[in-house]
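Whatever order the structure lists ligands and atoms in, that order sets their numbers, starting from 1. The model shown is predicted, which means the values in this text are computed figures rather than measured ones.
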Amino acid sequence: MPAPPTPPTNRFVAAVFQQLADLTEITGGNRFKVIAFQKVVRVIDDLPQQVAAMDRSLLAKIQGIGAGTAQRIGELLDTGRVADLDALLAQVPPGLIAVLDVPGLGPKTVALLWQQAGVTSLEDLSAKLDTGELESLKGFGKKKIENLKKSLAFAASAGDRVRIGRAHRVATTLIAALRDVPGVEKLEFAGSLRRGKETIGDVDLLAAADPSAAAGIFDAFVAQEAVSEVLLRGDTKCSVRISAGSAPLQVDLRVVAADSFGAALMYFTGSKEHNVKLRERAQAQGMSLNEYALTRDGERVAGTTEEEVFEALGLTWVPPELREDRGEVALAETRSLPALLTLGDVKAELHSHTTASDGSWSIEENALGAAARGFHTVAITDHSKGQAQANGLSIERMLEHIEAVHAVAKKLKGTINVLAGSEVDILADGTMDYPDEILAQLDLVVASPHAALTQEPKKATARLIKAIENPYVSIVGHPTGRIVNRREGLSPDMPALFRAAADCGVALEINANPYRLDLRDSHARMFVHEYGGKLAINTDAHGPDDLDHLRFGVGVARRAGATAHDVVNCLDAEGLASWIASTRR
Ligand code: DGT
Ligand code: CA
Ligand code: CA
Ligand code: ZN
C-alpha cells in the first residue's frame with residue numbers, strides 16, 4: 001500500500017478498497033465481502049464530495065457504505081492504513097501485487113496462477129509463460145498466453161520511468177520546500193522533466209548558491225519527508241530516492257555558483273544529443289562549452305544565463321521542449337524557431353465531465369472552474385450510452401442533460417460560454433454511439449475510442465477514419481486510447497488518419513491527462529507540420545484539480561513544435577464558434 005496523499009483523495013480511498021476486494025478474492029475470502037468492497041469502490045468513485053472533507057457521522061449514511069466501511073475509511077483517514085488490508089497483504093507473496101497490475105489479469109486469474117501454478121511474482125510469471133507450463137492451466141489457451149506475454153513485454157519496456165504527472169508533483173513539492181533555505185538564490189528543475197517528456201527517468205534539480213551553502217542545502221534536502229534513502233552525497237551533488245507511490249523515483253540535486261547557473265541549466269536540461277550539437281558548435285567557433293561556462297582560451301565568455309550562452313553561440317534561445325536534436329539548432333541559427341504556444345494561449349476547455357456521467361463536479365462548478373482559469377468557453381462532454389462503467393447517458397438522459405447545460409449557459413452568459421457537448425464513444429466498427437439525429441442536437445461532438453483497443457491496425461484505421469468522416473464530429477479525443485506505461489492502445493496508420501482529419505477539418509486531441517498524453521509528441525508533430533492539421537488540447541477534466549493537467553498537454557504540443565495557430569483551444573470565442581460550425585457538414 002503506497003503512502004496516502006494528504007488528505008487522501010477519493011481516488012486513493014477507492015484504490016484501497018479495490019485492493020481489499022482483490023486480495024479478499026485471491027485469498028478465497030467471503031464472496032459477499034468481495035462484492036461489498038467492489039460496490040464501495042464504485043460509490044466512492046462516484047461521490048461528488050471528498051470523503052476526507054466529510055463529517056464522519058454522515059459517511060455511514062451514504063447509500064452503499066455500511067458501518068464497517070465507514071469505520072475502515074475513518075481508520076484510513078486517521079492512520080493512513082487499514083488493518084484488514086495489512087492482514088490480507090501478509091497472506092500473499094509480496095510480488096503477487098505487481099502481478100495484479102498486469103493489464104488483462106484479474107484477481108480470479110491471479111489466484112489461479114498463484115495456487116495452481118505457484119506464480120509469486122512478475123519474473124516468475126514471465127518465466128513460466130516462456131516454459132509453456134501454464135498451458136495446462138484451465139482457461140489458459142494459446143491466445144490468452146500470447147496476450148499475456150505482450151502485456152508483460154510492454155510493462156517491461158516501460159522500465160522504471162515514471163509518468164510526468166508524478167515527477168512534476170515531486171519536483172514542485174521539493175522546490176517549494178527548499179526555495180527558502182539560506183543561500184539558495186535560484187532553484188529550478190532541469191532534465192527530461194523540463195523538456196516535458198511524457199515519462200521521466202529521474203528528476204534533476206539545479207540550485208544556484210555559494211559553494212559554502214551547499215552542505216546546508218543538502219541537509220534540508222535529505223531531511224524531506226518524502227526522501228526514503230540517500231543514494232549519494234558529495235560537495236556539489238546529492239541524490240536521493242523518493243518512495244511515496246508504488247515506483248521509487250530518484251532525484252538529483254546539484255548546486256552551482258550563480259555565474260554558472262545558465263551553463264549548468266543548459267547542460268543538465270539536455271538532451272544529451274542537443275548538448276553534443278552545442279559543444280561541437282562551440283568548438284567550431286574556437287570556444288569550449290561545459291556545465292560551468294562558455295569559454296575562449298580559458299577566458300569566460302558567458303554562463304550566468306541560458307540566453308547569454310545561446311547568444312554567444314550565435315543562436316536564439318531554444319525552448320527546452322525542442323532540445324532533442326531534431327533540427328532546432330539550425331532553426332535557432334537562422335532565428336526561425338516556431339513561436340511555441342504557451343499555457344496562457346489556451347482559452348477554452350473542450351472536453352470535460354460532470355456528475356451526469358463519471359465526473360465529480362456539477363455543470364455549473366465545471367463551468368465556473370474553467371472561467372476561473374480565464375477561459376472564454378467550456379464544453380461539457382459527458383459520456384455516451386455505451387460507456388456503462390462511466391455512467392454514460394442514455395439518449396433520454398442526454399436530451400435532458402443538453403437542456404440542463406443550456407440552462408447553466410444562460411445563467412452564466414457574460415461569464416463563460418458553456419457548450420452542451422458529449423464525448424461520444426467510437427464503437428469498434430467506427431459507428432458513433434448516438435445516432436446522427438442526437439449528434440445534431442449537441443453543440444460539440446468529441447468522438448473517442450474507449451473499448452476494443454487491441455484491434456488490429458487496419459481495423460483501427462478504418463474505425464477512426466469513419467468517425468472523422470461523421471458530419472457532426474469536430475474533435476477526436478485521445479485518438480489511440482493508449483495509457484502511458486500501461487496500455488499501448490490502437491496503432492492506426494497515422495498518415496492515413498492525419499490526411500483524413502486534415503481533409504475534414506477535424507481536430508485531433510492531445511489529451512492533457514498525464515496518464516494519456518494522446519496524441520503523443522511525435523504524432524502531433526507529424527500531424528501539424530506534414531498535414532497542416534489542427535490540434536485540440538483538453539484536460540478531460542472530471543473534477544477541479546484536473547484542469548491543472550493542461551500544462552502537460554501544452555508541453556506535448558510544444559514538443560511537437562506547435563504554435564497557438566495550430567491549436568483550436570487558442571482561438572478567440574468567435575473564432576472557436578465558427579471553427580466548430582465549419583466542422584459540421
Ligand atoms: P531521464 O532522466 O532518463 O528522463 O532523461 P534526462 O535527459 O533527464 O537524463 P539524465 O537525468 O541522465 O541527465 C540530465 C541531463 O544531463 C541530460 O539531459 C543531459 C545531461 N547529461 C547527463 N550526462 C551527460 C553526458 O554524459 N553527456 C552530455 N553531453 N550530457 C549529459
Ligand atoms: Ca533526468
Ligand atoms: Ca539525472
Ligand atoms: Zn473524457
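Atom 18 (O) of ligand 1 has Gly270 CA, 3.2 Å as its closest protein atom, hydrogens excluded (heavy atom only). Considering only non-hydrogen protein atoms, atom 4 (O) of ligand 1 sits nearest to Ser192 OG, 2.5 Å. In this structure, atom 28 (C) of ligand 1 lies nearest to the protein heavy atom Tyr267 OH, 3.7 Å. At the top of the distance list for atom 3 (O) of ligand 1, counting protein heavy atoms only, stands Arg161 NH1, 3.0 Å. The protein atom (non-hydrogen) at minimum distance from atom 24 (C) of ligand 1 is Lys272 CE, 3.4 Å. Looking from atom 7 (O) of ligand 1 to the surrounding protein, the closest heavy atom is Arg195 NH1, 2.9 Å. With respect to atom 15 (C) of ligand 1, the closest heavy atom belonging to the protein is Phe268 O, 3.2 Å.
Atom numbering of ligand 1 starts at 1 in the shown order; those under 4.0 Å from a heavy atom of Ser271 are 18 (O). The ligand atoms of ligand 1 that sit less than 4.0 angstrom from a heavy atom of Arg279 are 29 (N). Close contacts of ligand 1 with Gly201, meaning ligand atoms under 4.0 Å from a residue heavy atom, involve 1 (P), 2 (O), 3 (O), 4 (O). Near Ile200, meaning under 4.0 Å from one of its heavy atoms, ligand 1 places the atoms 4 (O). Within the listing of ligand 1, atoms 18 (O) sit less than 4.0 angstrom from a heavy atom of Thr269.
In this structure, atom 11 (O) of ligand 1 has protein heavy atoms in its sub-4.0 angstrom surroundings.
The N/O atoms of Thr199, backbone and side chain alike, include none that comes under 3.5 Å of an N/O atom in ligand 1. Inclusion of Gly191 in the set of residues having an N or O under 3.5 Å from an N or O of ligand 1 is not warranted. Any N or O atom pair closer than 3.5 Å counts here, and Asp202 shares at least one such pair with ligand 1.
The Zn ion (ligand 4) has an N, O or S atom of His353 under 2.8 Å away, backbone or side chain. One of the N, O or S atoms belonging to His351 lies under 2.8 Å away from the Zn ion (ligand 4).
Here Arg279 contributes atom CZ and Met266 contributes atom CE; the two are 11.0 Å apart, rounded to the nearest 0.5 Å. Taking NE2 of His353 as the start and CG of Asp382 as the end, the distance is 6.5 Å to the nearest 0.5 Å. Distance CG/Leu453 to CG/Leu490: 5.0 Å, rounded to 0.5 Å.
Ligand 1 has no atom lying under 4.0 Å from any heavy atom of Val203. For the pair Lys197 and ligand 1, no heavy-atom separation below 4.0 Å is found.
Screening Arg558, Arg559, Glu321 for a side-chain contact (heavy atoms from CB on, under 4.5 Å) involving Arg195 leaves a single residue, Arg559. Each of Asn417, Val378, Leu368, Ile363 was scored for a side-chain contact (heavy atoms from CB on, under 4.5 Å) with Leu412, with one residue passing: Leu368.
Atom OH of Tyr515 sits in a sparse spot, with 12 or fewer heavy atoms from other residues, nucleotides or ligands closer than 6.0 Å. The number of heavy-atom neighbours closer than 6.0 Å to CD of Glu311, taken from other residues, nucleotides and ligands shown, is 12 or below.
Residue-and-atom listing of protein N/O/S atoms under 3.0 Å from the Ca ion (ligand 3), sorted by chain and number: Asp202 OD1, Asp202 OD2, Asp204 OD1, Asp252 OD2.
Here the shortest heavy-atom pairing between Phe261 and Ala208 reads CD1-CB, 3.5 Å. Shown here for Leu265 and Phe189, the closest heavy-atom pair between the two residues is CD1-O, 4.2 Å. Between Ile510 and Gly553, the shortest heavy-atom contact is CG2-O, 3.9 Å. For the residue pair Ala367 and Ile416, the shortest heavy atom distance occurs at O-CD1, 3.7 Å.
The aromatic rings of His383 and His450 sit perpendicular to each other, their planes meeting at more than 60°, with 30° as the lower class boundary. Ring geometry for His478 against His351 counts as tilted: the plane angle lies between 30° and 60°, on a 0 to 90° scale.
There is a side-chain donor-acceptor pair under 3.5 Å between Gln387 and Gln389.
Here the N, O or S atom of Glu423 that is nearest to the Zn ion (ligand 4) is OE1. Asp540 has its closest N, O or S atom to the Zn ion (ligand 4) at the position named OD1.
A cation-pi geometry, defined here as NZ or CZ lying under 6.0 Å from the six-membered ring centre and within 45° of its normal, does not hold between Arg233 and Phe218.
Between the side chain of Glu280 and the main chain of Ala282, no donor-acceptor pair closer than 3.5 Å is present.
Within the 4.0 Å heavy-atom criterion, neither part of Leu193 lies near ligand 1.
Salt-bridge formation is detected for the pair Glu333/Arg281: a Lys NZ or Arg NE/NH1/NH2 atom is positioned less than 4.0 Å from an Asp or Glu carboxylate oxygen.
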